[in-house]
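Naming convention: chains lettered A, B, ... in sequence-line order (proteins, then strands); numbering from 1 in each chain.
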Protein chains: 2
Amino acid sequence: MADQHELRDKGLRLTPQRELVLAAVRELGHSTPEEVAEKVRLTHPGINLSTVYRNLETLENVGLVQHTHLGHGGATYHAAEELTHLHLVCGKCEAVGDAPLEIAATFVNALSDEYGFKTDVSHFAIYGTCSNCQ
Amino acid sequence: MADQHELRDKGLRLTPQRELVLAAVRELGHSTPEEVAEKVRLTHPGINLSTVYRNLETLENVGLVQHTHLGHGGATYHAAEELTHLHLVCGKCEAVGDAPLEIAATFVNALSDEYGFKTDVSHFAIYGTCSNCQ
DNA sequence: TAGTTGGTGCGAATAATTCGCAACTCGCTT
DNA sequence: AAGCGAGTTGCGAATTATTCGCACCAACTA
């Protein structure tokens, strides 16, 4: 019912580290591996960065989290459930805003119809300047 | 007339390295610093990677080239002139396809009207799967 | 409860990018 | 034509981000 089943159903072992990484991603929304590690350390100080990286990768493989490249170099992770919006990335303040998927529907359809390109909404990041930074 | 004026008009010195870096970006289209360096080395074998990085940054500052994060970690650079299309990045084969800006016009307008978010088309990268990889 | 197998911690290895600094050269000034 | 000063370059070291190898440990299975 809890995370237990969720992870074990995917064929993964249930370790405190893994649970915490998943929980952190869910709570933080968009976050870098570093931020996830920081969050996890609040309750499990000894966790190793490598473990965070490995768990993020593992969790991504089983489809519980996903990552996107929202700018700079670093990847940011978010829970798979949270795919109901687009990411609006501000190039100035680096804030990540959200917008409903529907707003892009016709655009996505056009790309599909005219170019055979299937847009991956989970990786859909849009760069620009947010209203606060203009 | 040639690159000479173009660079000097921007207040930059005209060095062979700089000219070559700019020429390489223009010829290569989307390319990583590493690829630019490789290209430049064809005619100027001794060029240092640092110099390529610095020139890309310099050229970007004066608006002659721009960069985008099209996936993974690395940034890719392209000439500023070449901003007349969107980048369709295939997550599988990593190919970068193009589509005209107009296809996103209504979408961009909607983001502006409803969220006050000004989309930067030069950084507009769309993730998905291209027609060949489906 | 004991075994096997995946998972963790840790430190080293890579990769990508940036920096510091001394030598060089571009372009302006005599 | 020669000189000077600032912008540039090359090079190696320093960073940052991420991955690996390996020995130890713990989660699930029988």
Task: From C/dG7, D/dA27, D/dT8, nucleotide with atom closest to A/Pro16 side chain - done: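 Side chain of A/Pro16 sits closest to D/dA27.
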
Send over the distance from [X] [atom1] to [N] [atom2], rounded to a whole Å.
X       : N      : atom1 : atom2 : result
A/Asn61 : C/dG6  : CG    : P     : 15 Å
B/Glu57 : C/dA16 : CD    : P     : 19 Å
A/Lys10 : C/dG6  : NZ    : P     : 19 Å
B/Glu34 : C/dT14 : CD    : C1'   : 13 Å
A/His67 : D/dT19 : NE2   : P     : 10 Å
A/Asn55 : C/dG6  : CG    : P     : 15 Å
B/Arg18 : C/dG27 : CZ    : P     : 10 Å
B/Leu56 : D/dT8  : CG    : P     : 14 Å

Hey, could you give me the [atom1]/[atom2] distance between [X] and [Y], rounded to the nearest 0.5 Å?
X        : Y        : atom1 : atom2 : answer
A/Leu7   : A/Glu19  : CG    : CD    : 6.5 Å
A/Asp98  : A/Leu86  : CG    : CG    : 8.5 Å
B/Arg54  : B/Gln17  : CZ    : CD    : 10.0 Å
A/Glu35  : A/Leu28  : CD    : CG    : 7.0 Å
B/Lys118 : A/Cys130 : NZ    : SG    : 12.0 Å

Open item on the list: How close do A/Ser50 and A/Asn48 get, counting heavy atoms only, and between which atoms?
Closed with: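 Minimum heavy-atom contact is N-OD1, 2.8 Å.
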
Open item on the list: Here's a test for you: under side chain to side chain contact (heavy atoms under 4.5 Å, CB included), which of A/Asn55, A/Thr58, A/Thr51 qualifies with A/Val21?
Closed with: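 Single side chain to side chain contact (heavy atoms under 4.5 Å, CB included) partner of A/Val21 among A/Asn55, A/Thr58, A/Thr51: A/Asn55.
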
Task: Short side-chain N/O contact to C/dT8 OP1/OP2 from A/Thr15, under 4.0 Å - done: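 So the side chain of A/Thr15 is within the cut-off, an N or O lying under 4.0 Å from OP1 or OP2 of C/dT8.
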
Open item on the list: For D/dG10 and B/Thr51 - does any side-chain N or O of the residue sit under 4.0 Å from the phosphate oxygens OP1/OP2?
Closed with: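 It does, given that an N or O in the side chain of B/Thr51 lies less than 4.0 Å from OP1 or OP2 of D/dG10.
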
- [ ] Take A/Gln17 and B/Tyr53, find for each the nucleotide of DNA chain C with the closest heavy atom, and name the residue whose nucleotide sits nearer the 5' end.
- [x]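 So the residue in question is A/Gln17.
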
Open item on the list: If you take any heavy atom closer than 4.0 Å to DNA chain C, which residues from residues 36-50 of chain A end up in contact?
Closed with: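 By residue number: A/His44, A/Gly46, A/Ile47, A/Asn48, A/Ser50.
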
Task: B/Arg8 (side chain) donor-acceptor with B/Leu14 (main chain) under 3.5 angstrom - done: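 Not confirmed, B/Arg8 side chain does not pair with B/Leu14 backbone.
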
Task: Difference in axis direction between the ends of the helix from C/dT1-D/dA30 to C/dT30-D/dA1, five pairs, 10° - done: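 For the helix from C/dT1-D/dA30 to C/dT30-D/dA1, the axes at opposite ends meet at about 30°.
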
TODO: Classify the side chain of A/Arg13 versus the base of C/dG7 as yes if they form a donor-acceptor pair under 3.5 Å and no if they do not.
DONE: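 Donor-acceptor pair under 3.5 Å: no.
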
- [ ] Please evaluate the base of C/dG9 for a donor-acceptor partner in the side chain of A/Arg54 within a cut-off of under 3.5 Å?
- [x]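 Pair found.
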
Open item on the list: Below 30° counts as parallel, above 60° as perpendicular, anything between as tilted: where do the rings of A/Tyr77 and A/His67 land?
Closed with: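 The arrangement is tilted - the two ring planes meet at 30° to 60°.
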
